[in-house]
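Read the structure below first, then the notes.
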Amino acid sequence: MSSVLIFDSEYPVSRAAISLIFSHFTPPTVRTLVKPNLLGGFECDRHVTTHPSLIQALVEYLEQAGIPLTVGDNPAGKKNLMERAKRAGIYQASKGYFEDISDGTKVTTRSNYFSELVVSRKVMESPYIVNVPKFKTHMQTIITGAVKNMFGILPGEEKSMVHCAARSLDQFSRALVDVYAIRPPHLNVMDAIMVMEGNGPSSGTPRHLGKILASDNGVELDAVMAYMMGLDPHEVPMLEYAHRQGLGAIDIDEIDIIGDIKKIPHFRVPSRTLVTVITPVSSRYYDFMAVKPTLNRNKCTRCYECVEKCPVSALQRNHYPRLNREKCVSCFCCVEICENQAMEVPSRARDLFNRLLKM
Ligand code: SF4
Ligand code: SF4
């Protein structure tokens with residue numbers, strides 16, 4: 001039976017913390033892939049990416065146990081991968097085990113949105129995977145944790161294809177679960193020492209929680225995270241669908257929890273309108289109702305990374321990046337990858353104002 005372990009921890013993460021995890025979950029004896037959340041080249045004190053000290057503690061534990069290992073992720077776009085990993089501190093923390101894992105292999109899937117996908121070869125060939133997500137909100141999918149972090153098993157261009165094939169919140173949430181189900185990780189170790197509330201996964205507000213969560217079931221781990229955020233896990237489309245697919249329990253009473261679980265007081269999650277209004281409607285209405293990103297020119301350095309990474313070419317190179325609202329599918333990849341936080345998610349009122357400006 002799977003379980004979720006919750007315990008206190010701080011940075012730098014100690015070897016004792018990793019030993020505690022492996023006293024509850026069977027440690028790997030075979031080649032292992034450590035999959036952090038390397039969303040982009042964000043400095044670790046911004047708490048967007050998995051903290052390097054957690055990666056380092058895991059790497060040192062596995063290295064001392066004689067386990068062959070690789071550390072790798074597929075952030076949006078392959079360009080400057082090593083530079084981004086260095087800026088996030090994950091490259092240094094990996095102690096020579098960090099690799100480019102973007103080489104892909106075709107995998108047949110059981111999904112309504114795609115019959116096959118290109119998945120990282122390293123992911124498919126690694127007999128044991130340790131998923132190391134961050135405890136964060138997500139303005140499109142409400143939460144991002146263990147399940148969403150496995151979207152990174154797809155090289156960049158493949159992620160764009162999924163965004164185009166599954167456009168509404170409900171569709172995209174199901175597609176994420178379909179990707180997760182290709183290769184569910186054996187162990188999930190979640191960095192919840194500094195978490196993110198508000199408009200995650202990159203523009204939210206860091207907040208101290210001082211916890212590490214670990215589980216051999218990513219769906220149950222995410223359900224615990226959602227509960228701690230003050231959400232009903234059934235309200236999160238990704239979790240509800242994963243549960244219906246038989247991938248894990250999401251009722252807190254049905255999850256074996258080792259440690260104290262408490263709701264975080266006044267934790268800010270993205271607008272509940274997403275959950276209660278947009279989720280049940282079709283992609284056509286979703287397109288109409290969803291807010292679109294807005295540019296803060298004061299922060300923009302005109303690197304045009306967002307233009308290159310937009311999966312539907314809704315951003316054009318101009319004096320500054322220019323948005324085509326009709327083409328935009330509100331995936332917020334541009335907000336995620338902008339390392340200057342120049343792409344923002346506007347309030348609904350501000351979005352309405354932007355919409356009127358275009359008329
Ligand atoms: S919004 Fe961000 S990613 Fe896009 S051009 Fe400006 S700085 Fe670069
Ligand atoms: S403009 Fe941004 S939010 Fe819109 S589709 Fe492109 S990447 Fe996604």
Side-chain angles (χ1 to χ4, degrees), residues 38-43 46 48-49 74-81 83-84 87-88 113 137-142 144 148 151-152 154-173 175-176 179 198-204 270-271 273-274 278 283-348 350-352 354-355 357-358:
L38 177 57
L39 187 62
F42 298 90
E43 292 81 7
R46 289 170 67 176
V48 173
T49 51
N74 287 300
K78 194 181 165 186
K79 209 172 83 185
N80 304 332
L81 172 69
E83 198 185 296
R84 293 195 224 175
R87 204 177 316 158
Y113 308 105
T137 53
H138 194 288
M139 57 213 158
Q140 189 192 17
T141 54
I142 306 159
T144 174
K148 175 81 168 60
F151 193 40
L154 307 183
E157 306 72 38
E158 206 65 0
K159 288 199 201 81
S160 304
M161 194 282 288
V162 174
H163 277 297
C164 296
R167 295 170 59 134
S168 74
L169 169 62
D170 204 30
Q171 291 169 336
F172 186 58
S173 298
L176 283 175
V179 172
N199 277 342
S202 60
S203 305
S271 164
T273 311
L274 276 174
I278 294 177
S283 54
R284 191 156 57 93
Y285 291 108
Y286 177 80
D287 281 348
F288 178 70
M289 293 172 71
V291 299
K292 312 289 179 179
T294 189
L295 180 70
N296 182 337
R297 288 190 176 196
N298 294 330
K299 293 183 178 174
C300 180
T301 58
R302 293 190 280 172
C303 67
Y304 296 108
E305 187 85 352
C306 54
V307 176
E308 284 177 35
K309 301 296 155 20
C310 174
V312 292
S313 305
L315 289 167
Q316 288 168 344
R317 237 171 222 270
N318 214 280
H319 188 49
Y320 283 92
R322 195 161 74 188
L323 176 73
N324 180 331
R325 287 187 68 95
E326 283 67 45
K327 278 189 172 180
C328 174
V329 295
S330 301
C331 66
F332 300 121
C333 290
C334 51
V335 179
E336 282 185 27
I337 62 169
C338 178
E339 290 166 7
N340 302 306
Q341 295 181 294
M343 274 292 177
E344 298 172 347
V345 184
S347 65
R348 204 153 286 282
R350 169 79 197 276
D351 187 61
L352 184 62
N354 289 346
R355 198 180 292 217
L357 274 184
K358 298 282 172 201

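Atoms considered below: every heavy atom in the structure, side chains included; atoms not considered: hydrogens, waters and symmetry mates. One-based numbering, in listed order, for ligands and for the atoms of each.
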_Single hit among Cys306, Pro293, Pro201 for side chain to side chain contact (heavy atoms under 4.5 Å, CB included) with Val335_ =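 The residue from Cys306, Pro293, Pro201 that satisfies side chain to side chain contact (heavy atoms under 4.5 Å, CB included) with Val335 turns out to be Pro293.
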*Just need the protein heavy atom nearest to atom 1 (S) of ligand 1, so name the residue and atom and give the distance.*
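Looking at atom 1 (S) of ligand 1, the protein heavy atom closest to it is Leu295 CD1, 3.4 Å.
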_Using a distance threshold of 2.8 Å, state whether an N, O or S atom of Cys331 lies below it from atom 8 (Fe) of ligand 2._
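Cys331 does place an N, O or S atom closer than 2.8 Å to atom 8 (Fe) of ligand 2.
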*Taking atom SG of Cys338 and atom CZ of Phe42, what is their separation to the nearest 0.5 Å?*
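Here the interatomic distance stands at 7.5 Å.
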*asked:* Considering Cys303, Pro321, Gly40, Cys300 one by one, which has a heavy atom nearer to atom 6 (Fe) of ligand 1 than any of the others?
replied: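 Selected option, by shortest heavy-atom distance: Cys300.
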*So, is Cys306 placed with an N/O/S atom under 2.8 Å from atom 2 (Fe) of ligand 1, counting both backbone and side chain?*
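No - counting backbone and side chain alike, Cys306 has no N, O or S atom under 2.8 Å.
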[X] heavy atoms, cut-off 4.0 Å: which ligand 1 atoms fall inside?
X      : answer
Asn340 : 7 (S)
Met343 : 1 (S)
Tyr304 : 5 (S), 8 (Fe)

One residue to check: [X]. Relative to ligand 2, which of side chain, backbone, both or neither has a non-hydrogen atom less than 4.0 Å away?
X      : result
Pro311 : side chain
Val335 : neither
Pro293 : side chain

*Measure the acute angle between the ring planes of Phe172 and His163, then classify it against the limits of 30° and 60° as parallel, tilted or perpendicular.*
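Taking His163 first and then Phe172, their aromatic rings lie parallel (interplane angle under 30°).
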